[in-house]
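In what follows, every chain begins at residue 1, and chains take the letters A, B, ... in the order their sequences are listed.
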There are 2 protein chains.
Amino acid sequence: MSEARFQLHVITDGKRHANELYEIVDGAVRGGADVIQLRYKSAPALDLYTLAQAISPAIREAGAGLLINDRVDVALAVQAQGVHLAAKSLPIASARPLMQPNQLVGCSVHSVEEAVEAEAKGASYITYGHIFATNSKPGLPPRGVESLRQVVEAVHIPVLAIGGITKDNLEEVLSTGVAGIAVIGAVMADEEPERAARQLRQVMDASIH
Amino acid sequence: MSEARFQLHVITDGKRHANELYEIVDGAVRGGADVIQLRYKSAPALDLYTLAQAISPAIREAGAGLLINDRVDVALAVQAQGVHLAAKSLPIASARPLMQPNQLVGCSVHSVEEAVEAEAKGASYITYGHIFATNSKPGLPPRGVESLRQVVEAVHIPVLAIGGITKDNLEEVLSTGVAGIAVIGAVMADEEPERAARQLRQVMDASIH
Ligand code: NI
């Protein structure tokens with residue numbers, strides 16, 4: 001991920017058929033998403049593989065990247081830009097050597113300690129959150145912008161903020177020194193994914209940070 | 001797989017904790033199982049990885065092999081002997097190049113056509129079944145020994161018979177020219193897995209075929 005431009009990752013919400021997913025992803029990358037992370041928990045490998053192949057042309061055409069959540073083998077099979085590891089995925093240190101050196105291996109962290117460990121184990125980037133209250137994590141208290149700042153200061157790899165980020169609180173997030181943000185519902189659940197992505201993109205491009 | 005000795009694969013039934021699984025696997029390989037296929041459908045990668053590491057020492061000590069069901073990435077991470085692909089796994093042609101040349105890529109087939117296709121796509125071996133009525137596939141009619149014979153004659157890669165095979169019908173199965181058999185409950189659900197595996201081993205070693 002470039003340091004020159006804030007990164008916008010859009011994570012799929014795993015409830016879509018191929019045609020619908022294609023439309024949303026196509027809109028997201030046209031609107032300015034840099035990366036689509038295909039997440040479809042407990043889906044069979046074949047379904048994930050098929051969806052990845054379905055959305056790859058739109059992603060490639062826009063010059064964006066594709067990350068596969070959890071399945072290193074699917075990421076390899078579709079020659080994705082990388083894999084994103086979650087808490088119950090393969091350990092980073094085991095997954096990293098399976099990927100090509102130029103492929104990304106990211107992971108989700110929830111504390112400074114996890115962030116430092118992920119970097120030490122070879123993570124290419126981390127996502128940290130959730131920053132604000134979000135429907136994806138009901139009941140769990142948000143971690144807030146100040147703890148995000150601590151994570152950013154604790155590691156040298158890119159940190160993406162996740163959780164409840166909107167165009168209205170985005171500038172505050174960007175003030176922490178993050179490399180970018182990851183969103184799910186803010187784009188996936190919007191009636192106009194392209195417009196939703198573009199609005200986030202515009203805030204990022206216009207940021208004073 | 002050697003042509004010189006009938007192969008005995010034991011597939012785990014995915015309902016075990018690590019300690020219990022270790023005891024059963026240890027018994028199975030001591031009793032003469034050549035391969036343990038770790039199958040644990042829809043388990044998180046981390047759980048499969050942890051179980052694979054837990055049972056590997058017993059398998060290695062007995063000179064047996066470990067196959068991972070479905071997850072090519074876990075098979076690579078634990079340096080397993082190979083991977084076994086099911087209907088909803090990655091396609092053989094996509095999975096084969098991800099594995100080392102000396103690692104096995106097997107798959108389940110249910111017809112002569114699927115067998116021929118699997119061989120053409122690069123499968124190292126196939127399992128065919130179910131041969132006899134089995135609790136694992138209630139309601140589905142068994143495919144029988146004659147269709148097994150047709151599959152064996154249609155391909156050059158090793159064919160393992162699966163489904164309802166016991167020490168009592170084993171000699172009939174071996175008469176078809178199979179490379180061996182794969183069992184689940186016959187070993188996993190036996191009160192004495194080591195004895196159960198040894199009884200199958202003895203029939204195979206004493207076979208006139
Ligand atoms: Ni004969």
Side-chain angles (χ1 to χ4, degrees), chain A residues 14 18 37-54 56 66-80 82-101 103-110 114 117-118 121-123, chain B residues 14 18 37-54 56 66-80 82-101 103-110 114 117-118 121-123:
Chain A
Q37 183 194 131
L38 182 58
R39 181 164 71 171
Y40 189 6
K41 282 198 179 174
S42 72
L46 185 59
D47 293 356
L48 199 56
Y49 173 83
T50 303
L51 284 175
Q53 290 194 314
S56 282
L66 171 66
L67 298 175
I68 305 294
N69 184 276
D70 182 58
R71 297 271 325 205
V72 177
D73 46 5
V74 175
L76 289 167
V78 303
Q79 298 181 285
V83 68
H84 187 87
L85 304 173
K88 296 291 267 177
S89 299
L90 281 173
I92 305 167
S94 295
R96 177 67 267 181
L98 303 181
M99 299 288 282
Q100 301 295 322
Q103 286 180 306
L104 302 176
V105 178
C107 71
S108 307
V109 305
H110 305 92
E114 286 182 12
E117 188 189 350
K121 293 280 170 63
Chain B
Q37 182 192 133
L38 183 58
R39 180 165 70 171
Y40 189 6
K41 284 197 177 173
S42 73
L46 185 58
D47 294 355
L48 199 56
Y49 174 82
T50 304
L51 283 176
Q53 290 194 313
S56 283
L66 171 66
L67 297 175
I68 305 294
N69 184 276
D70 182 59
R71 298 268 329 202
V72 177
D73 47 5
V74 175
L76 289 167
V78 303
Q79 297 180 286
V83 69
H84 186 89
L85 304 173
K88 295 293 267 179
S89 299
L90 281 173
I92 305 167
S94 294
R96 176 68 268 181
L98 303 181
M99 300 288 283
Q100 300 295 322
Q103 287 181 306
L104 302 176
V105 178
C107 71
S108 308
V109 305
H110 304 92
E114 286 182 14
E117 188 189 350
K121 293 280 172 61

Measure [X] against the heavy atoms of chain B and call it side chain, backbone, both or neither at under 4.5 Å.
X: Val74(A); result: both
X: Leu98(A); result: side chain
X: Ala87(A); result: backbone

Among pairs that include at least one residue of residues 70-80 of chain B, which meet salt bridge (Lys or Arg N to Asp or Glu O under 4.0 Å), considering only residues two or more places apart or in two chains?
->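 Non-adjacent pairs meeting salt bridge (Lys or Arg N to Asp or Glu O under 4.0 Å): Asp70(A)-Arg71(B), Arg71(A)-Asp70(B), Arg71(B)-Asp73(B).
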Below 3.5 Å, can you tabulate the donor-acceptor pairs from side chains in residues 41-54 of chain A to any protein atom, sequence neighbours excluded?
| from | atom 1 | to | atom 2 | distance (Å) |
| --- | --- | --- | --- | --- |
| Asp47(A) | OD1 | Lys88(B) | NZ | 2.8 |
| Tyr49(A) | OH | Gln53(A) | NE2 | 3.4 |
| Tyr49(A) | OH | Ser94(B) | OG | 2.7 |
| Thr50(A) | OG1 | Leu46(A) | O | 2.7 |

